[in-house]
Q: 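Below are the structure tokens for one structure; questions will follow.
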Amino acid sequence: MEKENAKKIVFSGIQPTGSFTLGNYIGAVRNWPLLQYEYNCIYSVVDQHALTVRQEPATLRKRTYEALAMILASGVDPEKSMVFVQSHNPVHSQLSWILACNTQFGELSRMTQFKDKSAKHPDNVNGGLFTYPILMAADILAYNAHGIPVGSDQKQHVELARNIAQRFNANYGETFVLPEPFIPAVGAKIMSLQEPTKKMSKSDENINSFILLSDDKDTIMRKFKRAVTDSDGVVKYDTENKPGVSNLMGIYKVFTGKSFEEIEKEFDGVGYGVLKEAVGTSVIEALAPVQSEYTRILSDRTYLDSVMKNGAEKAQRYSQRILDKVYRKVGFVQLKNK
Ligand code: TRP
């Protein structure tokens, strides 16, 4: 128990906004079960974050179940880690208000994701889109999490959470642990198969540019066979001059554990067709067990509902203590018979 308490806390969230790509899997979810042994892990399906862009209610509901099934299919054990849906724990929005009052307009205006997203959806630059990093800070600080596994695009938000925590501690006394981003070294960024200088994204118009976790074997192989490479025919890791080939090599490395030198040797003098087929096969084999677990779990609503319920209770119990402390620190009157 002593030892358990000494373990650092890891928190990460995933938005239920669509089908998962190979990029989401390699960059995020795949690492989540691996962290369970070393840390106390908390994983959340952040449905409140998803509302910053317009969502069809039935679709949001469906995708929330899908995201949870994906977390569980990847190997996260809800007995070992805390797994829950963000809107099931009201502490996040409650803490978010306090943090908002300790965050500057200027800081939020500098967030690159806000600038990008407001340019992309000029018809819906809502308050939630602007204050989203505060809610994300609340997700993290409500559990005093230290390590935040995120893709490089979320690093700025974690740094903001750290700044807010630091400022709160300076104004009100030690309250929050200062969080740090963990950017997974391998496969932090999987690129588009069609335009390998761009990140792989499910919102890409060209469906051949991404692999979905729901793609079947033949689709995966076909997409890899069509992947854009270059014309010099040499399998060499060089992200600058050979982004397409390097991206394929990066994916192959994740699933085979081979180094880039070993991969270069393996495909020396054989042309890209052989490489593409080998990468396709490695992905098909690695995803097969996750895909079948996903299908099995997703069809078991009773199980998913019970995971949600238990997770919500654990999350609320844990974070309420931290919120109570924050409420005391800022000067809210405590109810006497609590
Ligand atoms: N903003 C993250 C994303 O879009 C998701 C997220 C929400 C998150 N809250 C979080 C990630 C807290 C890490 C920690 O990918």
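Ligands are counted one by one from 1 in listed order, and the atoms in each one are counted from 1 as well.
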Q: I'd like to know if Lys265 and Glu262 make a salt bridge, using a cut-off of under 4.0 Å between side-chain N and carboxylate O.
A: no

Q: Determine whether the side chains of Glu159 and Asn163 contain a donor N or O and an acceptor N or O closer than 3.5 Å.
A: no

Q: Ignoring hydrogens, just give me the one of Ile42, Ile148, Val46 whose non-hydrogen atom is nearest atom 14 (C) of ligand 1.
A: Ile148

Q: Should the pair Arg321 and Tyr318 be classed as cation-pi, given the thresholds of under 6.0 Å to the six-membered ring centre and 45° from the axis?
A: yes

Q: Could you check atom 9 (N) of ligand 1 against the protein and tell me its nearest heavy-atom contact, residue, atom and distance included?
A: Asp139 OD2, 2.7 Å

Q: Using a strict 4.0 Å cut-off to heavy atoms of His49, name the atoms of ligand 1 that fall inside it.
A: 7 (C), 9 (N)

Q: Are Tyr39 and Phe182 an aromatic pair, judged by ring center distance below 6.0 Å?
A: yes

Q: Using a strict cut-off of 4.0 Å, indicate which atoms of ligand 1 neighbour a heavy atom of Val150.
A: 11 (C), 13 (C)

Q: Heavy atoms only: give me the nearest Gln291-Leu213 pair and the separation to one decimal.
A: NE2-O, 2.5 Å

Q: Which residue supplies the protein heavy atom nearest to atom 12 (C) of ligand 1, what is that atom called, and how far is it?
A: Phe11 CE2, 3.5 Å

Q: Looking only at distances, please establish whether an N/O atom of ligand 1 is found under 3.5 Å from an N/O atom of Ser12.
A: no

Q: Are Glu180 and Lys8 ion-paired here, with the side-chain N under 4.0 Å from a carboxylate O?
A: no

Q: Applying a 4.0 Å heavy-atom criterion (strictly less than), which segment of His157 is in contact with ligand 1: side chain, backbone, both, or neither?
A: neither

Q: Which protein heavy atom lies closest to atom 5 (C) of ligand 1, and at what distance to 0.1 Å?
A: Gly13 O, 3.6 Å

Q: Quick one: nearest non-hydrogen protein atom to atom 1 (N) of ligand 1, plus distance?
A: Tyr132 OH, 2.5 Å

Q: Please report the closest heavy-atom contact between Asn124 and Thr52, naming both atoms and the distance.
A: ND2-O, 4.1 Å

